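What follows is one structure encoded as structure tokens, with my remarks underneath.
Source: prediction; values computed, not measured. Start at 1 and go down the list; that is how both ligands and their atoms are numbered.
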Amino acid sequence: MKTLTVFGTRPEAIKMAPLVHKLNSDSDIDSVLCITAQHREMLDQVLDLFKLRADYDLDIMKANQTIGQITAGVVRGLEGVIEKEDPDIVLVHGDTTTTFAAALAAFYHQKKIGHVEAGLRTGNKYSPYPEEMNRAMVGRLADLHFAPTKSNELNLLREGVLPENVFVTGNTVIDALKWVVAEPYEFDDEALANVDFGRKRVITVTCHRRENLGENMENIFSALKDITSAFEDVEIVYPVHLNPKVKETADRVLRGVDRVHLIAPLAYQPFANLMAKSHFIITDSGGMQEEAPALGKPVLVVRKETERPEAIEAGTVKLAGTNREGIYRMAEALLTDGNEYNSMAKAVNPYGDGLASERIVDILKKKSQLP
Ligand code: UD1
Ligand code: UDP
């Protein structure tokens, strides 16, 4: 069986790396990797860490490009790759524009599509934007759906996907997390040298979603300022996403604020260790809502809704919205109320056991024997 795996952004790379390793090491599988490089530096950091070498690099990233430009670049770039490689199945991950455009290109070539991290839904077309519809549209195009959880599977069945094509595998993010946490790592990054992990309570922050750009992001960052000015024993570490719109707002609102460390994106291994050393996390990231519960770290999600309800049900994650006062109040509760903190700071594993990639490869092999 020949597989063509396509991804292009940091989170896709983190979550597909363990699967690509499993595909590469299986002697029955000819595994080809194509990166779109929708992200560049943030993607290369992950490829280096997991020692992945791409067979094709579409190299499409341009500063501040539009979703339409990304879509066109990926569809056009993949045409030659699919024609040359003639894979039995194209594997895509999650909900980015690379994911949707790669699935579309595979469909145009009448190639089978395997969707990893399938079935997550908010039901709101514009939140997360454009991810909700990217993921739903890939759900229509895909032949095999690898759903992380039972509730993701139910979402797909409700939309009419046939049960024999949906597989609950767990999320490969846990495979990746186990990988980086298992390797010995001396936590002494230069970027974090000035952070006082010993005497201060560290809050790790990330924020990048398109629906938060502008006013929401200003509110979120202002709430961070309120938190550090009210709590002298708090330090905030924020590796700022390379999106120029995010960097501009972070620089304007937070640069120079006492005990706020704005740093460059960290490689996944130091970042996972940073999360593990933090008191809690404030983020709009999807992947971190899955990682933090496994690390037993409370998460305030600065969004109005989430396609990942499992960690909320488990108690580790709370939706904090995007209102300055609302975010501050929820952080204040975690910083002053021990019961509130302890009720959230428990390690749970709603997203898997670290064996998702193995399951996906087994399913692919079984399915490839069918007519
Ligand atoms: C993209 C995905 C989003 C995903 C996120 C993960 C889309 C539309 N968005 O959002 O679903 O959650 O990645 O981070 O698919 N940039 C760099 N270097 C990098 C990466 C980005 O300079 O390594 C800058 C570029 O100017 C780029 C801009 O950031 O144009 C935005 O990148 P883009 O991939 O369009 O959107 P993200 O907000 O990163
Ligand atoms: N991450 C990282 N370095 C950082 C910030 C985040 O490696 O400086 C990891 C994080 O642990 C998670 C993923 O990147 O696995 C999240 O990526 P992002 O926030 O870009 O996308 P999303 O999760 O929202 O899709």
Side-chain angles (χ1 to χ4, degrees), residues 7-18 35-50 59-71 73-74 92-102 117 120 128-135 138 171-177 179-181 189 191-192 204-213 217 237-248 261-276 278 281 283-292 294-295 297 299 301-303 306-308 351:
F7 55 75
T9 67
R10 169 172 67 188
E12 293 163 72
I14 291 171
K15 292 168 164 186
M16 287 299 250
I35 54 170
T36 66
Q38 176 178 332
H39 285 175
R40 188 73 272 173
E41 303 91 320
M42 286 162 58
L43 175 70
D44 292 341
Q45 272 184 326
V46 184
L47 299 177
D48 287 349
L49 172 67
F50 287 97
D59 200 21
I60 65 153
M61 198 194 86
K62 291 193 177 65
N64 266 322
Q65 68 183 333
T66 64
I67 299 171
Q69 285 171 308
I70 300 170
T71 309
V74 173
V92 296
H93 179 279
D95 61 6
T96 71
T97 294
T98 282
T99 313
F100 168 59
E117 202 184 76
L120 287 69
Y129 167 80
E131 291 84 4
E132 173 74 4
M133 288 313 291
N134 280 344
R135 202 187 298 265
V138 177
N171 196 313
T172 56
V173 76
I174 306 298
D175 307 21
L177 190 64
W179 182 312
V180 293
V181 174
D189 287 81
L192 300 170
T204 295
V205 171
T206 75
C207 191
H208 72 85
R209 302 227 79 85
R210 269 181 163 73
E211 68 272 17
N212 275 340
L213 295 174
M217 212 166 269
V237 181
Y238 175 10
V240 183
H241 192 288
L242 293 180
N243 185 336
K245 296 192 179 81
V246 177
K247 280 168 77 176
E248 187 279 320
H261 305 264
L262 298 182
I263 61 173
L266 288 170
Y268 186 46
Q269 199 167 22
F271 187 75
N273 283 278
L274 169 64
M275 283 194 287
S278 299
I281 291 162
T283 188
D284 64 3
S285 154
M288 287 162 63
Q289 294 174 55
E290 297 153 348
E291 292 160 342
L295 298 168
K297 296 295 168 184
V299 186
V301 177
V302 282
R303 288 171 54 181
T306 179
E307 64 281 56
R308 294 169 167 91
Y351 296 109

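Residue Pro265 has at least one heavy-atom neighbour below 4.0 Å for each of these atoms of ligand 2: 8 (O). Applying the 4.0 Å criterion to heavy atoms of Ile70 picks out, from ligand 1, the atoms 35 (O). Less than 4.0 angstrom separates some heavy atom of Pro239 from each of these atoms of ligand 2: 8 (O). Interface of Gly287 with ligand 2, defined as ligand atoms under 4.0 Å from a residue heavy atom, comprises 23 (O). Those atoms of ligand 1 with a heavy atom of Pro130 less than 4.0 angstrom away are 8 (C). Interface of Asn243 with ligand 1, defined as ligand atoms under 4.0 Å from a residue heavy atom, comprises 24 (C), 28 (C), 29 (O), 31 (C), 38 (O). For ligand 1, the atoms closer than 4.0 angstrom to any heavy atom of Lys62 are 27 (C), 30 (O). Heavy-atom proximity to Gln65, at under 4.0 Å, picks out these atoms of ligand 1: 30 (O).
By the 3.5 Å distance cut-off applied to N or O atoms, Gly286 is counted among the residues near ligand 2. For a threshold of 3.5 Å applied to N or O pairs, the pair formed by Asn64 and ligand 1 contains at least one separation below that value. Taking any N or O of His241, backbone or side chain, none lies under 3.5 Å from an N or O belonging to ligand 2. For a threshold of 3.5 Å applied to N or O pairs, the pair formed by His241 and ligand 1 contains at least one separation below that value. The N/O atoms of Arg10, backbone and side chain alike, include none that comes under 3.5 Å of an N/O atom in ligand 1. Polar contact check, Thr9 against ligand 1: no nitrogen or oxygen pair lies under 3.5 Å apart. The shortest N or O to N or O distance between His208 and ligand 2 is below 3.5 Å. Taking any N or O of Met42, backbone or side chain, at least one lies under 3.5 Å from an N or O belonging to ligand 1. Residue Glu291 has at least one nitrogen or oxygen atom sitting less than 3.5 Å from a nitrogen or oxygen atom of ligand 2, judged on distance alone. Geometrically, ligand 2 and Leu266 share a nitrogen or oxygen pair separated by less than 3.5 Å.
Of the heavy atoms in Phe271, only side-chain atoms (C-beta onward) come closer than 4.0 Å to ligand 2. Neither the backbone nor the side chain of Ser285 comes within contact range of ligand 1; no heavy atom lies under 4.0 Å. Under 4.0 angstrom from ligand 1, the non-hydrogen atoms of Glu131 all belong to its side chain. Contact annotation: for Pro11 versus ligand 1, heavy atoms closer than 4.0 Å belong to the side chain alone. Both the backbone and the side chain of Ser285 come within 4.0 Å of ligand 2, judged by heavy-atom distances. Using a 4.0 Å cut-off between heavy atoms, Lys15 makes no contact with ligand 2 at all. Here Val246 has no heavy atoms under 4.0 Å from ligand 1, in either its backbone or its side chain. At a heavy-atom distance under 4.0 Å, no atom of Gln45 approaches ligand 2. When non-hydrogen atoms are compared, ligand 1 lies under 4.0 Å from the backbone of Thr96 as well as from its side chain.
Ion pair Glu131/Arg209 flagged as a salt bridge, since at least one NZ, NE, NH1 or NH2 atom sits closer than 4.0 Å to an Asp/Glu carboxylate oxygen.
Looking only at protein heavy atoms, the nearest one to atom 24 (C) of ligand 1 is Leu242 O, 3.6 Å. For atom 4 (C) of ligand 1, the closest non-hydrogen atom on the protein side is His208 CE1, 3.9 Å. What sits closest to atom 19 (C) of ligand 1 on the protein, heavy atoms only, is Glu41 OE1, 3.4 Å. Counting protein heavy atoms only, atom 34 (O) of ligand 1 is closest to Gln38 NE2, 2.9 Å. Distance from atom 25 (O) of ligand 2 to its nearest protein heavy atom, with residue and atom name: Pro11 CG, 3.3 Å. At the shortest separation from atom 7 (O) of ligand 2 among protein heavy atoms lies Tyr268 CA, 3.3 Å. Closest protein heavy atom to atom 16 (N) of ligand 1: Met61 SD, 3.7 Å. What sits closest to atom 39 (O) of ligand 1 on the protein, heavy atoms only, is His39 NE2, 2.6 Å. At the shortest separation from atom 4 (C) of ligand 2 among protein heavy atoms lies Arg10 NH1, 3.2 Å.
Counting heavy atoms from C-beta on, the side chains of Arg308 and Leu120 come closer than 4.5 Å. Looking only at side-chain heavy atoms (C-beta outward), Thr96 and Thr99 come within less than 4.5 Å of each other. In this structure the side chain of Lys245 reaches within 4.5 angstrom of the side chain of Asn64, judged on heavy atoms. In this structure the side chain of Ile67 reaches within 4.5 angstrom of the side chain of Thr71, judged on heavy atoms. Side chains of Pro265 and Glu41 form no contact here, defined as non-hydrogen atoms less than 4.5 Å apart. In this structure the side chain of Phe7 reaches within 4.5 angstrom of the side chain of Leu43, judged on heavy atoms.
Residue Val246 comes nearest to Cys207 through the heavy atom pair CG1-O, 3.5 Å, listed as atom of the first residue, atom of the second, then distance. Contact between Asn171 and Asp175 at its shortest, heavy atoms only, is O-OD1, 3.7 Å. The heavy-atom pair separating Val299 from Met288 by the smallest distance is CG2-O, 4.4 Å.
Relative ring orientation between His208 and His241 is described as parallel, the plane-to-plane angle staying below 30° on a 0-90° scale split at 30° and 60°.
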Checklist entry - side-chain contact (heavy atoms from CB on, under 4.5 Å) between Thr9 and Met42: does it pass, once the steps are laid out? => result CA-CA 7 Å; Thr9 67; Met42 286 162 58; over 6 Å; no

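Between the CG atom of Asp95 and the CD atom of Glu132 there is a distance of 9.0 Å, given to the nearest 0.5 Å. Note: Asp59 CG to Lys62 NZ = 8.5 Å, rounded to the nearest 0.5 Å. Taking CD from Gln65 and CD1 from Ile70, the interatomic distance works out to 4.5 Å, rounded to the nearest 0.5 Å. Rounded to the nearest 0.5 Å, atoms CG (Asn273) and OH (Tyr268) are 10.5 Å apart. The distance from the CD1 atom of Ile60 to the CD atom of Gln69 is 9.5 Å, given to the nearest 0.5 Å. Here the CG-CG distance, from Leu266 to Leu192, works out to 5.5 Å after rounding to the nearest 0.5 Å.
The shortest separation from a heavy atom of Glu131 to ligand 2 is not under 4.0 Å, leaving the residue out of contact. Contact between Met275 and ligand 2 is present, with at least one heavy atom of the residue lying under 4.0 Å from the ligand.
Applying the side chain to side chain contact (heavy atoms under 4.5 Å, CB included) test between Arg10 and each of Lys15, His39, Gln38 identifies His39 as the sole match.
For Thr36 and Thr98, the side-chain atoms include at least one donor-acceptor pair closer than 3.5 Å.
Of the candidates Arg40, Arg135, Arg210, it is Arg210 that places a heavy atom closest to atom 9 (N) of ligand 1. Nearest-residue assignment for atom 8 (C) of ligand 1 (options Asn134, Asp44, Thr97; heavy-atom criterion): Thr97.
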